[in-house]
Structure formats: structure tokens, C-alpha cells
Amino acid sequence: MNYLLFLQNIRESAPSFFNYFFVFISEGLVSGLIILPAIVFWCCDKKMGSWMLLNYSGSYFFNQIIKNTACVYRPWIRDSRLYLAPQAVKSATGYSYPSGHTTIAASVLESTAVWQRKRKWVIVLCTILILLVAFARNWLGAHTPADVLGAICCCSFILSINIFLVREEEKHDNFDWLFVLVGLVLSVGCMFYFELKSYPIDMDANGNVLVEPYKMITDCYTGEGLFAGFLIGWLIEKRLINFRLDVSKKRKIVRGIAGAVSTGLIYLVVMPFILKITGAGAHIGHLIKYLVVMLWITCIYPLIIKLAERNVA
């Protein structure tokens, strides 16, 4: 905690610009990172893109398993001398370990570094960005060094497992079916685990629950949706759609732009509107929203690509 107190003292005397900058780095930039593996999948390298999406969804899902098992409180709860930067209040909710924002950054950027491992400048850039996001969460007072380091290590662990799984999938014809089946069973099993396990119920000085378990389970359903959506969509695309990458650079650019815009619209406009008019609760709403977003990326948009480009041809 002394390190966070040291940063807090600097933060108190620093211009507020620094807080906004680190919020942008750790929230604004990180929130759009899913587009990077999606574009790699649609336009550059299907195998590597799907592996990157697996790292993203698998790391986030694994993050929720650890976070809602350890149930570690935020720094300012554990030490009253600390407080959160006002600019980060909206995003710094729930349990602390491991850091969710750092998990998202590390899962995508570690994957990018592996994909572009022959380009040293890319590896350096990805490393700097991961460390910058981790430092930003410390600067804002949202996480301890252990939280962000744990997130980076968890992502490295998931990345290593996924390398092994991809190699096994290449060796065995029906390994993809087994992989998806096991993954979905694990996902459903964790859903029951999140719902049935006990959570700490501690109160603050005003009698309010420090961390509301219902909200934490909502984040778990986000992870469930991402992971299950990837598994189902990846298998459907691989077995039934199989869109091509041997197209012109101009078409790839159109694919990337249209895919990024449509994904953003589905995430920010379409799904919130549908869930609002249907009255879906927070848990099932998050599950459906992120399931649909990942299905769009992995199989629905690829199907549209295949049909549209076949008609053009």
C-alpha cells in the first residue's frame, strides 16, 4: 500500500490532466481493443485472429473465475488512507484481484506481440502499452501492483494453454468439437458456481454493502457470454462458413472498416435497445449481449462477408 500512497501523493499535486490521460489509456483505449483481433481474423490471418479472440475471451472468463473466488477488496477499502481518483469512479467497481482492465490489455497485446514476434518494435510497443495500462490502474488508485501483475500472469498462463490447444487442434480432425464441448460444459459449470457460491457481505460506516454480489455475478455473465460466443461462433465458421482471405487489399480494408463500425453499433446501440425493450435482467442481459457480439465477430459477419463478396464476384 505504500507504493499506492506514494503515487497518491504525487497525484494530489499533479494537474488533473494526468488523471484524464490515464483514464483514457486504461479505459477508453482498452475498451476498443477487441477490434484488433477481430480485424486480424477478418482481414489478415484467420488462424491467428481466432487464437487472439480465444485469448481475449478466455482470459476475461478466467479473470472472473479468480476474481469472484478470491473476493479481494479494493485498495481504499483495505486501507482508509487511500482513495480513488474521481475520474475513475465509474469503472473501478467490484473486487480488485486480478485487474480486469489490465487483463483485457494484456490478453490482446501479448497475443499481438506473439503474432508479430519477428518485428521487435511491435513487441516493445505492446510491452510498453501493457505496463502503461497497469501503471494507470495504480496511479488512479483502482488496483494494487499485485492486482495488475496477477492479471498479466493470468493472461500469459491462458495464452500458453491456448498455444497448446491450437497445436492439438491441428493434429486431430475432431479436436475442435471436443474443445468446444468441454469449453461449454466448463462455462455452464462456472455459471452454477458463480450463482451458488457464497460471497463476503461486509458493510461500510453507513451500513451499505461494500461489494454487491449481484453486480459481481453480472460481470461473470459477461465473461460467460464472450467465452461461449467465441466457442460456438468459431466452430460454426470453421465447419460451415469458411470465408476466404485471398482477396484484394481494397476488400480487406472495406471488411475491416465495415466490421469495426457494425460491431460498435451492435455493442453500443442494437443490443442495449433490444435488451431494454425485452426487459432482460442484468445477468441474462449481459450474457446475451456479449454472446451476440462475439457471435457477430466470429460467424455472423464472416457469413455476410462470404455472401456479399460472392455476389460481387
Side-chain angles (χ1 to χ4, degrees), residues 30-66 98 100 102-117 126 130 151-191 220-243 245 259 263 267 287 290-302:
V30 166
S31 63
L33 275 180
I34 189 174
I35 294 300
L36 177 57
I39 289 177
V40 173
F41 180 65
W42 298 327
C43 308
C44 305
D45 187 329
K46 283 175 64 176
K47 177 181 173 182
M48 184 56 66
S50 61
W51 178 72
M52 292 170 72
L53 288 167
L54 174 60
N55 291 336
Y56 173 88
S57 59
S59 294
Y60 190 92
F61 183 45
F62 188 53
N63 172 275
Q64 292 304 314
I65 294 174
I66 297 177
T102 309
T103 293
I104 294 172
S107 65
V108 174
L109 295 172
E110 284 183 17
S111 301
T112 303
V114 172
W115 174 42
Q116 296 292 316
R117 57 190 174 277
C126 289
I130 292 171
I152 294 171
C153 291
C154 287
C155 289
S156 299
F157 173 69
I158 293 296
L159 184 147
S160 300
I161 290 179
N162 290 340
I163 289 176
F164 168 77
L165 291 174
V166 168
R167 289 174 178 171
E168 289 299 307
E169 190 268 333
E170 291 174 345
K171 295 177 184 177
H172 308 287
D173 292 338
N174 294 317
F175 186 82
D176 52 352
W177 287 99
L178 177 63
F179 171 58
V180 170
L181 178 61
V182 172
L184 291 177
V185 170
L186 174 64
S187 182
V188 173
C190 286
M191 189 182 301
C220 297
Y221 277 88
T222 297
E224 297 270 358
L226 287 170
F227 188 55
F230 169 79
L231 293 174
I232 297 168
W234 170 74
L235 185 64
I236 291 174
E237 195 289 320
K238 182 176 182 291
R239 289 284 180 169
L240 301 176
I241 300 173
N242 195 25
F243 74 99
L245 282 178
T263 301
Y267 176 76
L287 176 66
Y290 289 93
L291 179 75
V292 170
V293 169
M294 193 57 82
L295 286 174
W296 174 263
I297 291 172
T298 53
C299 69
I300 300 174
Y301 184 62

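Since the model is a prediction, treat every value here as computed from it, not as a measurement. Computed over heavy atoms, backbone and side chain alike; hydrogens, waters and symmetry mates excluded.
In terms of heavy-atom proximity, Ala105 sits nearest to Val30 at CB-CG2, 4.1 Å. Closest heavy-atom contact between Ile66 and Pro98: CG2-CD, 3.6 Å. Nearest heavy-atom pair, Leu226 versus Ser57, reported as atom, atom and distance to 0.1 Å: O-CB, 3.6 Å. The two residues Ile104 and Leu33 come nearest to each other via the heavy atoms O-CD1, 4.3 Å. Contact record, Met48 with Trp115: CG-CD1, 3.2 Å, taken as the closest heavy-atom pair. In plain terms, the two heavy atoms of Met294 and Gly229 that are nearest each other are CG-C, 3.5 Å.
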I would like to know whether Ile34 and Ile297 meet side-chain contact (heavy atoms from CB on, under 4.5 Å); could you show each step before the answer? CA-CA 10 Å; Ile34 189 174; Ile297 291 172; 3.8 Å; yes

Apply the test ring pair (Phe, Tyr, Trp, His ring centres under 6.0 Å) to residues Phe227 and Tyr290: give CA-CA distance (whole Å), side-chain angles for both, the deciding distance (0.1 Å), then the verdict. CA-CA 9 Å; Phe227 188 55; Tyr290 289 93; over 10 Å; no

Verdict with supporting geometry, Lys46 and Asn242, side-chain contact (heavy atoms from CB on, under 4.5 Å): CA-CA 10 Å; Lys46 283 175 64 176; Asn242 195 25; 3.2 Å; yes

May I have the step-by-step check of side-chain contact (heavy atoms from CB on, under 4.5 Å) for Asn63 and Cys154, ending in yes or no? CA-CA 7 Å; Asn63 172 275; Cys154 287; over 6 Å; no

Could you go step by step and tell me if Asn174 and Leu178 meet the side-chain contact (heavy atoms from CB on, under 4.5 Å) rule? CA-CA 7 Å; Asn174 294 317; Leu178 177 63; over 6 Å; no

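Of the inter-residue distances, the one linking Ser160 atom OG with Glu110 atom CD reads 8.5 Å to the nearest 0.5 angstrom. In this structure, CG on Leu231 lies 11.0 Å from CD1 on Ile236, to the nearest 0.5 angstrom. One finds the CH2 atom of Trp42 at 5.0 Å from the CD1 atom of Ile35 (value rounded to the nearest 0.5 Å). Atoms CG and CE, from Leu109 and Met52 in turn, are 8.5 Å apart once rounded to the nearest 0.5 Å. The CD1 atom of Ile158 sits 14.5 Å away from the OH atom of Tyr56 when rounded to the nearest 0.5 Å. Taken to the nearest 0.5 Å, the CG atom of Leu235 stands 5.5 Å off from the CG atom of Asp176.
A heavy-atom distance below 4.5 Å is found between the side chains of Leu159 and Ser111. Thr298 has its side chain out of reach of Ser50: every pair of non-hydrogen atoms, C-beta onward, lies at least 4.5 Å apart. Ile241 is listed as a side-chain neighbour of Cys299, based on a closest heavy-atom distance under 4.5 Å. Using a 4.5 Å cut-off on side-chain heavy atoms (C-beta onward), Phe179 and Glu168 make no contact. Taking the side chain as every heavy atom from C-beta outward, Tyr60 and Ser107 never approach each other to under 4.5 Å. Between Glu169 and Trp51, the closest side-chain pair of non-hydrogen atoms is not below 4.5 Å. In this structure the side chain of Asn162 reaches within 4.5 angstrom of the side chain of Leu165, judged on heavy atoms. Between Val40 and Thr112 the shortest side-chain heavy-atom distance does not fall below 4.5 Å.
In terms of modelled atom types and a separation under 3.5 Å, the side chain of Ser156 and the main chain of Ile152 share a donor-acceptor contact.
Between Phe230 and Trp234, the angle of the ring planes stays under 30°, which puts this pair in the parallel group of the 30/60° scheme.
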